[in-house]
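What follows is one structure encoded as structure tokens, with my remarks underneath.
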Amino acid sequence: MKRVLLCLIAFPANAFPAGAEPLFVDDAAGLPHSQIYAGGWEHFVGGGVAVLDCNGDRRPDLFAAGGENPAALFVNASDKGGALRFDAGALADLRHVTGAYPLDIDSDGQMDLAVLRAGPNLLLRGLGDCRFEDATAEWGLPTRDDWTTSFTATWEKGQAFPTLFFGNYVDRQNPDGPFMACDYSALFRPKGRVYAETETISPGYCTLSALISDWQRKGTPELRLSNDRHYYVRGGYEQMFRLNPLAERADWEHVSLWGMGIASRDITGDGLPEVMMTSMGDQLLQINKGDHFEDAPYSLGTFAQRPFIGDDGRPSTGWHPEFGDIDNDGRDDLFISKGNVDQMPGLASHDPNNLLMQGADGKFHEAADKAGMATRERSRGAALADLNGDGRLDLVVMNRRAPMELLRNATVQTGNWAEIEPVQTAPNLHAVGAWVEVKTAAGVKSQEITVGGGHAGGKAGPLHFGLGSETSAQVRVIWPDGTAGDWQPVTVNGLTEIRR
């Protein structure tokens, strides 16, 4: 099977000094209006943002939840390397949206959106030019009056459409709730190009984040759920399910968290993805040992259990975790959005977001205050993405009852980088489930193409790799069916599309 390499964008190699300090600039003035996630207790959670290219111009656009306010579509108008600017996109008046995830459901080359709501969920079909239409009924997605707060998806063998998981929070119809009234969640499998089979996960434990990942790299993706013990109270725990047939893993070690979000990335260099789970109090990083996970030691610096600035010593509340190489030094860093649920007295009220930079020793240190992103709103969903095409990951942060933040990465003298985008023939055009490995003299870095995780929002597009001082690299794709492509040269400081 022939692989064709197409190099789309390239810039000169950067000089990379040790210890480049991260710096972000507030570009919220570049939004056409302030976007605020607001509402009552059904919008205490959620507040996600989806990042996708909805018009094919290679600039990431944004779909932002609004809660009781309308959701918003922001179309990227940023100049390459310049200040972040967005225009208002055309979108129907969608309210009670808790979040959204982009994926190309029908493999037509246009990104679609799975829209989560406190109410019936939606599947919006992308029509190009940042236009969408409601395809929920046409594609046969069953809906009910759920309070949906999590989503993940993958393509199973022989299927034209992806398998979708929608995770629900508290049962809104239970008169004895909300405590011990967690709703069940559902897995929807396709038959052809419609959703014809529903499998429920019951009892549910108030799922706030979900991720399908081949975490053992054995070709058998599994479904991981992060659940909120605030409402399941007792008896619940973080869950892991085999997908086909759907069955909970009996050998899974039970951990109970106030689970809010999931992020996954190989940070040890062994090719296996670690998992970060946010919570009230400690944020839990688990190291992948191949057949199980082990809690990271406190000395690694990822627990972020209390505000690191100010005089509020109460525990933090973590929401959206996301790995990304902020300074392109070849080591993945970690962003965590923080914020009180509302006015919970036992938890910090002014809870700054975290930017944990990974050092050469593999340990993480706090840099959010010096970087200019330690805001103390009630943050929720977020996204790291290169919004202006300069090779540096910018940041979008959704806030509850406060405007959405738009922060441009202005870190100086960053390292080299590469963006990799695998493409294959339909179905599963964007190769969800594939692994991308980038090799330099420093070693091999691995990333999996997934849909899900975070808190109520995710992104679609090229995978970003920081390369540090390396000026050459090779890449291979291990496609979703396990076929490994050949090692091929990478265009440093550019976007490389690999077509199967």
Side-chain angles (χ1 to χ4, degrees), residues 41-46 48 98-99 116 118 144-152 165-187 198-213 215 222-243 245-264 275-286 292-295 303 305 315-321 336 340-342 344 346-347 380 452-456:
W41 84 286
E42 289 183 338
H43 298 296
F44 282 11
V45 299
T98 58
L116 319 183
R144 64 184 189 122
D145 197 21
D146 293 324
W147 180 0
T148 303
T149 47
S150 60
F151 176 84
T152 187
F165 170 84
F166 287 84
N168 299 322
Y169 200 48
V170 173
D171 182 353
R172 305 164 75 200
Q173 313 304 323
N174 189 330
D176 297 325
F179 294 99
M180 301 184 70
C182 294
D183 204 353
Y184 67 81
S185 297
L187 194 74
T198 301
E199 297 180 65
T200 59
I201 292 178
S202 181
Y205 296 133
C206 289
T207 301
L208 281 177
S209 192
L211 182 64
I212 294 174
S213 169
W215 63 277
E222 295 181 301
L223 169 64
R224 182 163 190 159
L225 306 183
S226 190
N227 303 312
D228 184 7
R229 70 180 298 178
H230 184 72
Y231 286 124
Y232 70 68
V233 184
R234 60 180 180 271
Y237 45 86
E238 306 296 284
Q239 295 168 285
M240 183 76 79
F241 291 84
R242 302 189 190 279
L243 276 181
L246 182 65
E248 187 169 0
R249 286 192 57 160
D251 61 344
W252 193 247
E253 181 179 355
H254 290 177
V255 176
S256 295
L257 298 174
W258 291 265
M260 308 292 192
I262 301 174
S264 180
V275 170
M276 184 73 193
M277 294 177 290
T278 52
S279 178
M280 293 181 185
D282 292 346
Q283 319 307 313
L284 181 61
L285 175 67
Q286 291 192 318
H292 69 287
F293 288 88
E294 293 182 0
D295 294 352
F303 279 80
Q305 75 273 32
S316 287
T317 304
W319 295 91
H320 182 96
I336 304 173
N340 198 298
V341 173
D342 191 60
M344 298 184 71
L347 297 159
R380 293 297 188 262
H455 182 76

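Given the structure is predicted, the values throughout are model-derived calculations rather than measurements.
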Original post:
To the nearest 0.5 Å, how far apart are OG in Ser279 and CG in Leu208?
Top reply: 10.5 Å
**OP:** Check whether any side-chain N or O of Arg380 sits under 3.5 Å from a backbone N or O of Phe44 as a donor-acceptor pair, and report yes or no.
**Re:** yes
Original post:
Excluding sequence neighbours, so at least two apart, what forms salt bridge (charged side-chain N to carboxylate O under 4.0 Å, His left out) with Asp295?
Top reply: none
Original post:
Stepwise, does the side chain to side chain contact (heavy atoms under 4.5 Å, CB included) test hold for Arg144 with Asp183?
Top reply: CA-CA 12 Å; Arg144 64 184 189 122; Asp183 204 353; 2.9 Å; yes
Subject >> Shortest non-hydrogen contact between Ala186 and Thr198, atoms and distance >> reply: CB-CG2, 4.1 Å
**OP:** For a ring pair (Phe, Tyr, Trp, His ring centres under 6.0 Å) with Trp147, tell me which candidate from Tyr231, Tyr169, Tyr184 qualifies.
**Re:** Tyr169
Original post:
When rounded to the nearest 0.5 angstrom, what distance separates CD in Gln286 from CD in Glu294?
Top reply: 9.5 Å
**OP:** Mark yes when over 12 heavy atoms from residues, nucleotides or ligands other than Glu253 sit less than 6.0 Å from its CD; otherwise mark no.
**Re:** no
**OP:** Could you tell me whether a side-chain N or O of Ser256 sits under 3.5 Å from a main-chain N or O of Gly236, the two making a donor and an acceptor?
**Re:** yes
**OP:** Work out which heavy atom in Ala263 is nearest to a heavy atom in Pro321; give both atom names and the distance.
**Re:** CB-O, 3.4 Å
**OP:** Please name the pair of heavy atoms, one in His455 and one in Met260, separated by the smallest distance, quoted to 0.1 Å.
**Re:** ND1-O, 3.0 Å
Subject >> Exam field: side chain Thr278 to backbone Gly261, donor-acceptor pair closer than 3.5 Å >> reply: yes
Original post:
Going through the checks in order, is the side chain to side chain contact (heavy atoms under 4.5 Å, CB included) test met by Phe303 and Gln283?
Top reply: CA-CA 5 Å; Phe303 279 80; Gln283 319 307 313; 5.7 Å; no
Original post:
Is the distance between the ring centroids of Trp215 and Phe293 less than 6.0 Å?
Top reply: yes
**OP:** To the nearest 0.5 angstrom, please state how far the CG atom of Leu243 sits from the CD atom of Glu222.
**Re:** 7.5 Å
**OP:** For Ile262 and Leu225, work out which heavy atoms get closest and say how close.
**Re:** CD1-C, 4.5 Å
**OP:** Could you walk me through whether Phe179 and His230 pass the side chain to side chain contact (heavy atoms under 4.5 Å, CB included) test, one step at a time?
**Re:** CA-CA 8 Å; Phe179 294 99; His230 184 72; 3.9 Å; yes
Original post:
From Thr207 OG1 over to Leu223 CG, what is the distance, rounded to the nearest 0.5 angstrom?
Top reply: 8.5 Å
Subject >> Atom of Glu42, atom of Ala118 and distance for their closest heavy-atom approach >> reply: OE1-CB, 4.0 Å
Subject >> From Tyr205 atom OH to Met180 atom CE, the distance as rounded to the nearest 0.5 Å >> reply: 10.0 Å
Original post:
Phe241: what forms a ring pair (Phe, Tyr, Trp, His ring centres under 6.0 Å) with it, not counting sequence neighbours?
Top reply: none
**OP:** Mind checking ring pair (Phe, Tyr, Trp, His ring centres under 6.0 Å) for Phe165 and listing every partner two or more places apart, or none if nothing turns up?
**Re:** none
Subject >> Donor-acceptor under 3.5 Å (Ser150 side chain, Ala210 main chain) >> reply: no
**OP:** Mind listing the closest non-hydrogen atom pair of Thr148 and Phe166 along with its distance?
**Re:** CG2-CD2, 4.0 Å
Original post:
If you round to the nearest 0.5 Å, how far is OG of Ser209 from CZ of Arg224?
Top reply: 10.5 Å
Original post:
Do the ring planes of Tyr237 and His254 sit parallel (below 30°), tilted (30 to 60°) or perpendicular (above 60°)?
Top reply: parallel
**OP:** Start with the C-alpha gap between Ile201 and Glu248, add the side-chain angles, then the distance that decides, and say whether side chain to side chain contact (heavy atoms under 4.5 Å, CB included) holds.
**Re:** CA-CA 9 Å; Ile201 292 178; Glu248 187 169 0; over 6 Å; no
Original post:
Any sub-3.5 Å donor-acceptor pair from Asn340's side-chain atoms to Thr317's backbone N or O?
Top reply: no
Original post:
For the side-chain contact (heavy atoms from CB on, under 4.5 Å) test, which of Met277, Glu238, Met276 pairs with Leu284?
Top reply: Met277
Original post:
Is there a donor-acceptor contact under 3.5 Å from the side chain of Thr149 to the main chain of Thr98?
Top reply: no
